[in-house]
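Here the structure is laid out as structure tokens; the discussion comes afterwards.
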Amino acid sequence: MPSGSSNFPNACSFATTFCNTPYESNIPRALWDTFYDSLSEDFRHNQNLKDVKIIHRMIKSVEYFLESMGRNISEYNLPSSVDVKELDFGTKYKEIEEELCIEIPHEDLMYVSQLNTCQRTAYNTIWQHVQTQAASAFFVDGLGGTGKTYIYRALLATTRSKGLIVLATATSGIAASNLPGWSYFSFTL
Ligand SMILES: Nc1ncnc2c1ncn2[C@@H]1O[C@H](COP(=O)(O)OP(=O)(O)OP(=O)(O)O)[C@@H](O)[C@H]1O
């Protein structure tokens, strides 16, 4: 068994290491138990998450990489999403759990410190309303390429990192796909 946390910098290298072991092998679980702290380090550092959400995101990441290699996490002796669902999420609604588990890109959290003066004014104004839960609507306008999406991404990252839910929607698939955790709403006028 590898003997240093640096052997598993992320879920991908972890999954790759054991994806060819037999399903009944105890190795995946032993690796998970031994290296869980280092594997979950990114989630702990980047996001202010409760332990149960960190486990859930870890499992989702490993699941994703195993599936890309044609394997299924449920066949291994590893914690599964089903186990985690039995833990206390503070809610029983799947949709809410899913929203709370959306990955927050590390770079988006960095955007907040890189906003220019105009972007910061817009960001602060909107964020202040989120914090005080004041009902409001904002229209962000500007020429193409002036940084509107940049503000949205910073706001999405900040809001989600505080454990709040934010629904990112757009009326075209292309526009929506620029936003992490997006949905596409189509309607006819
Ligand atoms: N404060 C910033 N610091 C560094 N890069 C930035 C900043 N604001 C915007 N950018 C970069 O400028 C480019 C254009 O920004 P963005 O996509 O947010 O513009 P936009 O106003 O949404 O454009 P469009 O209206 O065409 O969709 C992107 O590559 C973005 O990363």
Side-chain angles (χ1 to χ4, degrees), residues 5-6 8-16 38-50 53-69 89 91 93-189:
S5 61
S6 59
F8 297 119
N10 54 43
C12 178
S13 55
F14 173 69
T16 308
S38 60
L39 275 166
S40 58
E41 210 167 321
D42 276 352
F43 295 109
R44 286 179 200 285
H45 274 298
N46 300 344
Q47 299 148 33
N48 185 21
L49 296 175
K50 290 181 188 166
K53 287 190 199 157
I54 291 171
I55 296 174
H56 194 254
R57 289 190 182 189
M58 275 298 307
I59 292 171
K60 284 284 174 202
S61 300
V62 174
E63 251 174 8
Y64 170 81
F65 288 112
L66 283 174
E67 276 171 22
S68 72
M69 293 180 270
F89 265 92
T91 172
Y93 298 108
K94 180 171 135 293
E95 290 77 8
I96 293 178
E97 285 175 20
E98 282 173 1
E99 288 299 328
L100 291 172
C101 288
I102 290 173
E103 300 274 344
I104 307 173
H106 182 61
E107 65 190 90
D108 288 14
L109 286 166
M110 297 293 102
Y111 281 5
V112 180
S113 60
Q114 291 160 5
L115 298 171
N116 65 30
T117 309
C118 291
Q119 287 171 322
R120 181 153 296 284
T121 302
Y123 172 93
N124 285 344
T125 305
I126 298 170
W127 178 235
Q128 203 175 11
H129 278 73
V130 174
Q131 284 180 301
T132 56
Q133 298 187 6
S136 307
F138 296 91
F139 181 72
V140 181
D141 194 17
L143 295 174
T146 50
K148 300 180 292 294
T149 308
Y150 206 86
I151 302 172
Y152 305 150
R153 293 184 69 119
L155 281 166
L156 289 174
T158 306
T159 310
R160 287 179 176 145
S161 71
K162 306 290 179 201
L164 300 172
I165 290 177
V166 51
L167 301 177
T169 69
T171 51
S172 84
I174 294 287
S177 64
N178 283 330
L179 302 171
W182 58 276
S183 304
Y184 166 39
F185 280 81
S186 168
F187 50 84
T188 309
L189 293 176

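Ligands are counted one by one from 1 in listed order, and the atoms in each one are counted from 1 as well. Scope of the values below: all heavy atoms of this structure, side chains included, with no hydrogens, waters or symmetry mates.
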(request) Assess whether side chain to side chain contact (heavy atoms under 4.5 Å, CB included) is satisfied between K162 and W127, documenting all intermediate values. (result) CA-CA 12 Å; K162 306 290 179 201; W127 178 235; 3.8 Å; yes
(request) Could you check which of R120, R153, K148, M110 puts a non-hydrogen atom nearest to atom 25 (O) of ligand 1? (result) K148
(message) Classify the ring geometry of Y111 against Y150: parallel below 30°, tilted from 30° to 60°, perpendicular beyond 60°.
(response) parallel
(request) List every atom of ligand 1 that sits less than 4.0 Å from any heavy atom of N116, numbering the atoms from 1 in the order shown and giving each element. (result) 1 (N)
(request) Check each atom of ligand 1 against the heavy atoms of Q114 and keep those under 4.0 Å away; list them by number with element. (result) 1 (N), 2 (C), 3 (N)
Where is the tightest heavy-atom contact between [X] and [Y], given as atom of each residue plus distance?
{"X": "R153", "Y": "P105", "answer": "NH2-CG, 4.2 Å"}
{"X": "S136", "Y": "H129", "answer": "OG-CD2, 2.6 Å"}
{"X": "Q119", "Y": "G147", "answer": "NE2-O, 3.1 Å"}

(request) Determine whether any heavy atom of G142 lies closer than 4.0 Å to an atom of ligand 1. (result) no
(request) State whether the shortest distance between N or O atoms of G147 and N or O atoms of ligand 1 falls below 3.5 angstrom. (result) yes
(request) Before signing off on this row, confirm whether G145 and ligand 1 have an N or O atom pair separated by under 3.5 Å. (result) yes
